[in-house]
Amino acid sequence: MYSFSIANNKGGVGKTTLSVSIAAELAKKGRVLLVDCDPQGNTTGSLLKSYNHEFADVLFGKCTAEEAIMETEFSNLYVLPTVSLDTSNPNSLNQLRLYKTTLAANNPNAIRKMVKSIADKFDYCIFDTCPAFDPFEENIMAACDEVITVMLMDVFSVDGLTIFKENLRDFKERKEMENPKFSKIILNSCNKSITLHKKILEEMDAQEQFDCFVVPQDQAFKRAQSIQKPIQYLTKEEGEGKPETLEALSVIANNL
C-alpha cells in the first residue's frame, strides 16, 4: 500500500477537494482509503451520509481501523471518517481535536501502526490534513511515503509553501527520517488569463526541485461537494467538470 498526505499549513487552498478528487481517480485502478484528518470533517461530509465510528475512535482505542472504515457508493473508494463539531450543542467536543491537543504528542507511532494494520487491505491510503504542522500532523507525516502540497495562485500560498518546506525539513531532521518524500506540488484553481497566475506559473515551471501539476479553475468542484460526489462522477445534467480538469486529475494519479 502506498500512503501519502495532501498537506499545507495554509487553509482554504483546496486540500479536501483535491484529496477527494485524487482518491476517486486512483480508485479507478485500485482500492483507496481516504483518511479524514481534519476536525472539520469536510472529507467525510463530501462522501458519506452516515458512519458508525470515526478516526478519533481508532486513535483512542475504542475500535479498530477496520471497524471504522466505511465504504462509499463509489467503486473501490473507502473513508475513515471524522465527525465534525456539533454546532447545535455548545458543550460538545470534537473528538479528533481533543486527541490532537491531548494525546498526539505522546503517541508518535499511533498512525503509523494503524497504517500497517490495514496495509494489506488497500492499494492507496490518502491523508487529508488540516492547515497545521503540530505533533498530530507530524505523526501523519511519519506514516506516509510521500507528501503533496496544494497551493493557490497567490503570494500568500507561495509564502505558505516556504513555511511548509521549512517545517517538513525540520521534522525530518529531528526524527532522522527520509520519508515522506516531497517532490510534487499542485497549483490549484489556475486561470492562465490572469497576470499573477501566469507569473507564478512561470516561476514554478522554472524551478527544478518540484514537479508541478496545474488544476484549472472549475466551478464543478463546488457542485460536486454540494451533492456529495467526486467531480469525476458528475453527470452532464449536474454540470460536468472541464475536460482539462479531469485530464489534470488523471495525470496526477498516474504519477503516484
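Note: the hydrophobic cluster containing Leu168 does not contain Val13 (ILVMFWY, side chain heavy atoms under 4.5 Å, direct or indirect links).
In terms of modelled atom types and a separation under 3.5 Å, the side chain of Thr101 and the main chain of Leu98 share a donor-acceptor contact. Here the side chain of Asn254 pairs no donor or acceptor atom with the backbone of Val251 at under 3.5 angstrom. No donor-acceptor pair closer than 3.5 Å links the side chain of Thr82 to the backbone N or O of Gly41. Gln225 places no side-chain N or O within 3.5 Å of a backbone atom of Gln228 that could act as its donor or acceptor partner. Side-chain N or O atoms of Asp57 include none that pairs as donor or acceptor with a backbone N or O of His53 at under 3.5 Å. With hydrogens and angles ignored, the 3.5 Å screen pairs no side-chain donor or acceptor of Asp170 with any backbone N or O of Glu166. Counting only distance, with no hydrogens or angles, the side chain of Asp218 and the backbone of Gly241 share no donor-acceptor pair below 3.5 Å. The backbone N or O of Arg112 lies less than 3.5 Å from no partner atom in the side chain of Asn109, so there is not a single donor-acceptor pair.
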Item to check | Intermediate values then yes/no, side chain to side chain donor-acceptor pair (under 3.5 Å), Thr16 and Asn42 | outcome: CA-CA 7 Å; Thr16 295; Asn42 290 333; 5.0 Å; no
Item to check | Val79 vs Tyr51, side chain to side chain contact (heavy atoms under 4.5 Å, CB included): CA-CA, chis, key distance, verdict | outcome: CA-CA 10 Å; Val79 174; Tyr51 29 79; over 6 Å; no
Checklist entry - So Asn8 and Val150, side chain to side chain contact (heavy atoms under 4.5 Å, CB included) or not? Walk me through it. => result CA-CA 6 Å; Asn8 196 328; Val150 179; 5.6 Å; no
Checklist entry - Passes side chain to side chain contact (heavy atoms under 4.5 Å, CB included), Met204 versus Leu187? Steps please. => result CA-CA 9 Å; Met204 297 303 296; Leu187 306 174; 4.1 Å; yes
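Listed by first and then second residue, the ring-ring contact (aromatic ring centres under 6.0 Å, His included) pairs involving residues 226-256 are Phe74-Tyr233 (not counting sequence neighbours).
Residues satisfying the side chain to side chain donor-acceptor pair (under 3.5 Å) criterion with Lys100, sequence neighbours excluded, are Glu137. By the side chain to side chain donor-acceptor pair (under 3.5 Å) test, Asn191 is found to be paired with Ser193, Gln217, residues two or more places apart in sequence or in another chain being considered. The ring pair (Phe, Tyr, Trp, His ring centres under 6.0 Å) search around Phe221 returns none, not counting sequence neighbours. In this structure, Thr72 has no side chain to side chain donor-acceptor pair (under 3.5 Å) partners at least two apart in sequence or on a different chain.
Contact check for Leu18 versus Leu249: side-chain heavy atoms found under the 4.5 Å cut-off. Ser21 is not listed as a side-chain neighbour of Pro230, based on a closest heavy-atom distance of 4.5 Å or more. Between Val115 and Met1 there is a side-chain heavy-atom pair separated by less than 4.5 Å. Annotation: side chain of Thr129 is in contact with side chain of Lys15 (closest heavy-atom distance under 4.5 Å). A 4.5 Å side-chain heavy-atom check between Val83 and Phe55 finds every atom pair outside the cut-off. Between Arg174 and Glu138, the closest side-chain pair of non-hydrogen atoms falls below 4.5 Å. Taking 4.5 Å as the limit, every side-chain heavy atom of Thr64 sits out of range of all side-chain heavy atoms of Met114. Using a 4.5 Å heavy-atom threshold, the side chains of Ser5 and Pro180 count as separate.
Ion pairing between a basic and an acidic side chain is recognised when a charged N comes within 4.0 Å of a carboxylate O; Glu73 and Lys49 show such pairing. For the pair Arg223 and Glu238, the salt-bridge criterion is not met [side-chain N within less than 4.0 Å of a carboxylate O].
Few gaps surround CD on Gln207; more than 12 heavy atoms of other groups in view lie less than 6.0 Å from it. Within a 6.0 Å radius of CD in Glu244, other residues, nucleotides and ligands contribute more than 12 heavy atoms. With a 6.0 Å radius and a threshold of 12 heavy atoms from other residues, nucleotides or ligands, Lys165 has its NZ atom above the threshold.
Looking at Asp159 and Thr162, their side chains never bring a donor and an acceptor atom within 3.5 Å of each other. In the model, Ser183 has no side-chain atom that pairs as donor or acceptor with a side-chain atom of Asp211 under 3.5 Å.
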Return all side-chain donor-acceptor pairs below 3.5 angstrom for residues 24-37, not counting sequence neighbours, or 'none' if the list is empty.
unit_1: Glu25; atom_1: OE1; unit_2: Lys28; atom_2: NZ; d: 3.2
unit_1: Glu25; atom_1: OE1; unit_2: Gln232; atom_2: NE2; d: 2.9
unit_1: Glu25; atom_1: OE2; unit_2: Lys28; atom_2: NZ; d: 3.1
unit_1: Lys29; atom_1: NZ; unit_2: Ala253; atom_2: O; d: 3.2
unit_1: Arg31; atom_1: NE; unit_2: Lys121; atom_2: O; d: 2.8
unit_1: Arg31; atom_1: NH1; unit_2: Tyr78; atom_2: OH; d: 2.9
unit_1: Asp36; atom_1: OD1; unit_2: Asp38; atom_2: N; d: 3.3
unit_1: Asp36; atom_1: OD2; unit_2: Thr43; atom_2: N; d: 3.4
unit_1: Asp36; atom_1: OD2; unit_2: Thr44; atom_2: N; d: 2.9
unit_1: Asp36; atom_1: OD2; unit_2: Thr44; atom_2: OG1; d: 2.7

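Note that the SG atom of Cys125 and the OH atom of Tyr2 stand 12.0 Å from one another [nearest 0.5 Å]. How far CG of Asn188 is from CG of Leu152: 6.0 Å, rounded to the nearest 0.5 Å.
Ring planes of Phe182 and Phe164: perpendicular class, angle over 60° (limits at 30 and 60°).
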